[in-house]
Amino acid sequence: MTDNGVKQRRVLAVVTNYGVEQDELVVPVERLRGAGAQVDVAAVSMDDIVTLVGDKDPGKRVRPDLTLDDADPTEYDLLLVPGGTLNADSLRLRSATTGIVRSFTDSGRSVAAICHGPWALVEADVVMGKRMTSYPSLRTDIRNAGGEWTDEPVVTDGSGGWTLITSRDPGDLEPFVGEIRTALAARS
């Protein structure tokens, strides 16, 4: 089943090749593709992405569509930044990631980040004045970067010329994906 507001929209998901939380990548990708969006997964290399469940147990392997270095962020409507502690900590240290994040925010396109994913936004220095949520351990990092942290399942902030959608953890995937679909439909 497709959703006319999501159909033909393009989403870029950015991850490392090890440590992304399985459901934070797989669930949004599958649901958005099921609604008709084109979702590309960019990783550090073209090797399989080894997901984890609960940051420790092996999860599904996912084949990336392209590398972070080969991704052209201008071709996408929304950026998806899944979490997983190991993934997010490594991802935020890559200059390609901060460049991609800034491309989206500078051009007014939406960014969706869940769990530890907002670390990439902190590193890109784009959370100033944004109301957002995350895994609780990022609270201080977000506040130190000028963001307003809150403990809610999903937070959407459209201030500053771009929309930021954030969620706390895999338990919030339903409202998180719903807000992503809303943001994509608004671009129609």
Show the numbers, then the answer: is there a side chain to side chain contact (heavy atoms under 4.5 Å, CB included) between V15 and L91? CA-CA 6 Å; V15 296; L91 189 64; 5.5 Å; no
Apply side chain to side chain contact (heavy atoms under 4.5 Å, CB included) to V122 and R92, showing your working. CA-CA 8 Å; V122 168; R92 69 180 172 154; 5.7 Å; no
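When hydrophobic clusters are built by joining Ile, Leu, Val, Met, Phe, Trp and Tyr residues whose side-chain heavy atoms come closer than 4.5 Å, directly or via intermediates, V126 is not grouped with I180. Tracing side-chain contacts under 4.5 Å through hydrophobic residues (I, L, V, M, F, W, Y), one reaches V154 starting from L78; they form part of the same cluster. Follow the hydrophobic side-chain contacts under 4.5 Å out from L184 and you reach L25 in the same cluster. When hydrophobic clusters are built by joining Ile, Leu, Val, Met, Phe, Trp and Tyr residues whose side-chain heavy atoms come closer than 4.5 Å, directly or via intermediates, V41 is not grouped with L52. Put simply, V11 and V111 are part of two different groups of oily side chains (I, L, V, M, F, W, Y) that touch within less than 4.5 Å, one to the next.
Using a distance-only test at 3.5 Å, with no hydrogens or angles considered, no donor-acceptor pair links the side chain of T98 to the main chain of A124.
Figure legend: K130 and W149 shown without cation-pi pairing, the cationic atom not lying both under 6.0 angstrom from the six-membered ring centre and within 45 degrees of its axis.
Under the 3.5 Å distance criterion, with hydrogens and angles disregarded, a donor-acceptor pair is assigned to the side chains of S103 and R109. W119 and D141 are linked by a side-chain donor-acceptor pair at a separation below 3.5 angstrom, with hydrogens and angles left out of the test. A side-chain donor from one of D47 and S45 sits under 3.5 Å from a side-chain acceptor of the other.
Residues I49 and R63 have side chains not in contact (no heavy-atom distance under 4.5 Å, counting atoms from C-beta outward). S134 places a side-chain heavy atom less than 4.5 Å from the side chain of I142. Between E21 and N87 there is no side-chain heavy-atom pair separated by less than 4.5 Å.
Put simply, the residue from D77, D40, D65 that forms a salt bridge (charged side-chain N to carboxylate O under 4.0 Å, His left out) with R10 is D40.
Ion pairing of R102 with E123 is absent here, as no side-chain N (NZ or NE/NH1/NH2) approaches a carboxylate O to less than 4.0 Å. By the 4.0 Å N-to-carboxylate-O rule, D172 lies close enough to R168 to be salt-bridged with it.
Considering all non-hydrogen atoms of both residues, P28 and L80 come closest at CB-CD2, 3.8 Å.
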